[in-house]
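Here is the structure we will look at.
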Amino acid sequence: MADEAVAEPASHDAQKPQGSRSPEAPPRGGDRGGERDDEHARGEAESSDGPEVGDDEAAERAKERERAADRIKDLTRDPLAEEDGEDGPTDLAAAARARRAGRKLLTSGRDFTSFDRSRIGHAHIGDINVSLDARRSGVAMRGGPVPEEELRRLRRAHVEPAGYVRLRRALESRRLLVLGGAPGTGRTCTALALLDEVTQDGAGDGDRVHRRDPGNGEGVRGLVGEVKARESGGEGGERRCTGYLLELALDRPGTLPPDEMDLDQLASTLAEGDAYAVVVVSVGSAANPLLAGRYGMVCPPAPSQELVTVRLRERLEEARDHEAPERAARIAEDPEVTEAVGLDDLRPAEAELLASLLAEHLLGSLTREELLAGCRGIAAVQAHEWFAGVDRALAAPPSGDGRDGRTPVRSATAALFHPVAFRIALAVLGGGSHSAVSAAAHLLTWELSVQSDPDSTPSRPLFCDDPESDRALSRARSHDGAIDVAGAEVTGQLIFYRGSALPAAVLAEIWDRHFPVRAPVVRWLRLLADDPRPQVSVRAAVAAGELSVRDFEYGFGELVRPLAEAPSARRRVFAATALDQVAGHASHRRAVRKVVDDWSRYGTASLRWTAAMTLGHGRAADSVDAALDALARIGVRDQGRQLAVASLNVVRLLTLPECATVLRRLGQWAEHRREEYQDLALVTIVRLATTGVDEVLDDEPGTPLGDRGDWPLLLALAVTRPELTGTLADLLWTALNTARSRDVAFDALEALLRSASRGEGGEGRERGEGRGGGDRMRPGLAALLPALTSDEHDRQQLEWLLRRMMRDQDRPLTTEQASALWRLAVPARQRRSDEEESHG
């Protein structure tokens, strides 16, 4: 057929073979694979039996065919949209991306149990024993003078953070400095280094710098009295140019920060006595007024690389090998060691431990495996520090707590638990939007507060959230990135841990060492399962799977099984995603496969539905054949009640390397004697043509399919697996030439054709059309269409479809677009042959 045939459709109606339909309906199928609807063929043959009986039977058969076509159409709709109505939208692509991100965040292959957790307060590996608990410097510290030996060591080993000179000048000019920083970032060492510098002319070695006991409860006002007593010579002799260090624990319930007048009084007293003081506070909403005042400054963390270098030099001084530090530095930059550490930047104690590990390994005291095990334990120690004893103060409520019934007091547990909840939420939803993590953190804060203090109503100020404090206290970072909103990508603020090891370390800590926390976390995860945003519900499901791996009995009983039986499709998807995450661990794969197989055979309708969604990931069965057997068993049961969800997960299996096995099984189902199997094949074929790659693919960009995420899966397979193009075309031909699937199959083919014209015609995104430009997809059509239109009848069907698209009142196909598609389908040699036959 010439190109003009598409441009002038009316002039070729007479050239169709006798019996072909009008341009409003596609021509009847030929004999390529046999007519798929035998009842339809018999109905046409018997329609001439009699004027009355034949007409009635033909009318009844026509109604039956219409019902069968409507059923196929219903089954090709999104099975996950049942909660939102017949055509309710679900973003499978966003769910797939969220699942990939969650798996990447948590499935890192780290073995946290290899670290000696029985001595978690210290890192004890071989002969290395280093204190890592940053809280020791604040809570366990006692008052008194700092020994000169400690100050000398500090001068030798301290690494100045950025802006150190500015901090020293501020202290020299104001006598008082309120230094803010997150625990463990070296803020106390920096404070001592500052005081050591400004008091070099002080009298009395070992008595120049004093620590103030933070547990005496007097705070700044108590320090004013001590300075007056000391600097006035009240303790036997004049003491000039002394430095004072005070750490305030403002995160304790009922603790109030000092006001500006108290700080002014302290600064005046220090000036009179020629003394200096540094007040160390943790960043947070309580400390914000202090840090925003005239005495406040934020302490930047020391650079990690320099910290490790200095500590290495110290550890290797006795080796007398000048090249040892250089070799140790190269080991520290080894990708395997960096991955084992899993932290973007190290805090001083962590740098000291890493340097000790590297030095001991270089000196032969630690094997490579022991080195990596020790590196993996660093993040575990940080997680332990964050959660150990957080609510210990609540065990002994202060006097006057209102239990006499006269003075009710609202619980302060919410303020105490919010930083903890934020860290857990960040471990579960890290990589998502900051607003989603914050909202989830507030939900968890409520659950933790109610669990800890059920008799009180948790309260939380509405205007005290501080994103900067949340990031600092949780070692987090944020940057702008793409967020999925209602099927579209928009720019928003994403938040991550500063280190790939922290999410899994946090989940392992709360699940393995704090059993009472499990109940509120389970309730919280169930709430997240109902969230309509895939970035929340799917990521939470991945985290639930990881938690279940650590205690499968508990996780399965409390999270997976209850949600697998839920009436909500969203909750069942949550359970299926969690089960697949568990199946990703070889230690639990056999158990998951047994559960899914039992559900597919003997489970309730909800459990069979969940089993089907789990099977689609490709890890919940011994083989692809076994997965297909189970999906067919689910799909054909109860007159195909769950055929839609079964077909969706058959399509998902087509992204696996065993794609040919799936296509072969589809062909067998299409030839099956039972209509339910035929329907499963037809619905799956149509769904294959209307599903985008990014809706079902688990691979990251960089793979042949991953680079075609905006393509329809059928076209992507035709290009990336050219040996399967003939099979794909045969299956689509079967759907196009079967009466009950013909309409939806032609709609799917139309969507495929429009996908190649999207960049030219400016059409919006339609069902099955993907998101990208059409030019990139033309190779897919160029591979598929010639195999689909191998004879004259098939080309007539394509011609009819192109004409219908040209007459479309809403989105008419232009003559140029139709001609281009015709040239893709019919090679030039075949077009010349058709022209010769038509003019002969």
Side-chain angles (χ1 to χ4, degrees), residues 78-81 83-85 87-106 425-441 443 477-497 503 525 527-544 568-574 576-578 580-581 613 616-617 648 651-652 655 690-703 705-713 716 758 764-773:
D78 185 356
L80 307 184
E83 295 177 322
D84 301 318
D87 295 314
T90 59
D91 195 345
L92 292 174
R97 286 191 290 272
R99 181 171 172 271
R100 288 197 299 269
R103 289 174 58 186
K104 185 177 181 180
L105 189 72
L106 294 174
L426 185 58
V428 172
L429 304 179
S433 67
H434 192 286
S435 61
V437 174
S438 295
L443 284 177
R477 58 184 173 87
S478 61
H479 62 76
D480 290 341
I483 299 175
D484 289 298
V485 179
E489 288 189 351
V490 297
T491 301
Q493 189 180 63
L494 308 181
I495 186 167
F496 304 82
Y497 269 116
L525 287 172
L527 291 175
L528 298 187
D530 295 323
D531 197 294
R533 296 168 295 180
Q535 66 159 313
V536 174
S537 59
V538 176
R539 289 172 186 267
V542 173
S568 162
R570 189 172 290 120
R571 285 196 161 201
R572 297 197 297 270
V573 170
F574 182 99
T577 304
D580 174 71
Q581 188 67 17
M613 288 300 299
H617 293 297
L648 170 64
V651 170
R652 292 167 72 188
T655 62
T690 59
T691 299
V693 172
D694 57 359
E695 294 178 313
V696 292
L697 187 68
D698 283 340
D699 293 347
E700 292 288 341
T703 62
L705 279 180
D707 288 339
R708 294 171 173 82
D710 55 346
W711 285 38
L713 180 58
R758 195 175 310 135
R765 183 185 181 189
E766 298 294 332
R767 181 171 181 253
E769 289 190 29
R771 289 194 300 271

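Residues Ala427 and Tyr497 come closest through the heavy atom pair N-CE1, 3.5 Å. Minimum interatomic distance between Ala440 and Leu429 (heavy atoms only, all atoms of both residues): CB-CD1, 3.6 Å. The minimum heavy-atom distance between Ile483 and Gly492, with the atom names listed, is CD1-CA, 3.5 Å. Leu80 approaches Ala569 most closely through the heavy-atom pair O-CB, 4.5 Å. Across Arg103 and Val542, no two heavy atoms sit closer than the pair N-CG1, 3.8 Å. Taking both residues in full, the closest heavy atoms of Val428 and Ala540 are given as CG1-CA, 3.6 Å, listed atom of the first, atom of the second, then distance.
Looking only at side-chain heavy atoms (C-beta outward), Leu494 and Asp480 stay at 4.5 Å or farther from each other. Two residues are said to be in side-chain contact when any heavy atoms from C-beta on lie closer than 4.5 Å; Gln535 and Ser433 meet this criterion.
With sequence neighbours left out, Ser438 forms a side-chain contact (heavy atoms from CB on, under 4.5 Å) with Phe422, His434. Partners of Ala544 by side-chain contact (heavy atoms from CB on, under 4.5 Å), not counting sequence neighbours, listed by chain and number: Leu525, Leu559, Phe574, Ala578. Every residue two or more places apart in sequence or in another chain that forms a side-chain contact (heavy atoms from CB on, under 4.5 Å) with Ala94 is listed here: Asp91, Arg97, Asp484, Pro534. Residues passing the side-chain hydrogen bond (donor to acceptor under 3.5 Å, both in side chains) test with Ser537, sequence neighbours excluded: none. Under the salt bridge (charged side-chain N to carboxylate O under 4.0 Å, His left out) criterion, Arg533 pairs with Asp531, not counting sequence neighbours. Under the side-chain hydrogen bond (donor to acceptor under 3.5 Å, both in side chains) criterion, Arg652 pairs with His617, Asn649, not counting sequence neighbours. For Ala96, the side-chain contact (heavy atoms from CB on, under 4.5 Å) test picks out Arg100, with sequence neighbours left out.
Under the 3.5 Å distance criterion, the side-chain polar atoms of Arg99 are left unmatched by any main-chain donor or acceptor of Ala95. The main-chain N or O of Ala101 is never found under 3.5 Å from a side-chain atom of Arg539 such that the two would form a donor-acceptor pair.
The line from CG of Leu713 to OG1 of Thr690 is 10.0 Å long, rounded to the nearest 0.5 Å. Here Leu697 contributes atom CG and Thr691 contributes atom OG1; the two are 12.5 Å apart, rounded to the nearest 0.5 Å.
Under a 4.0 Å N-O distance rule, the pair Asp530/Arg570 does not qualify as a salt bridge.
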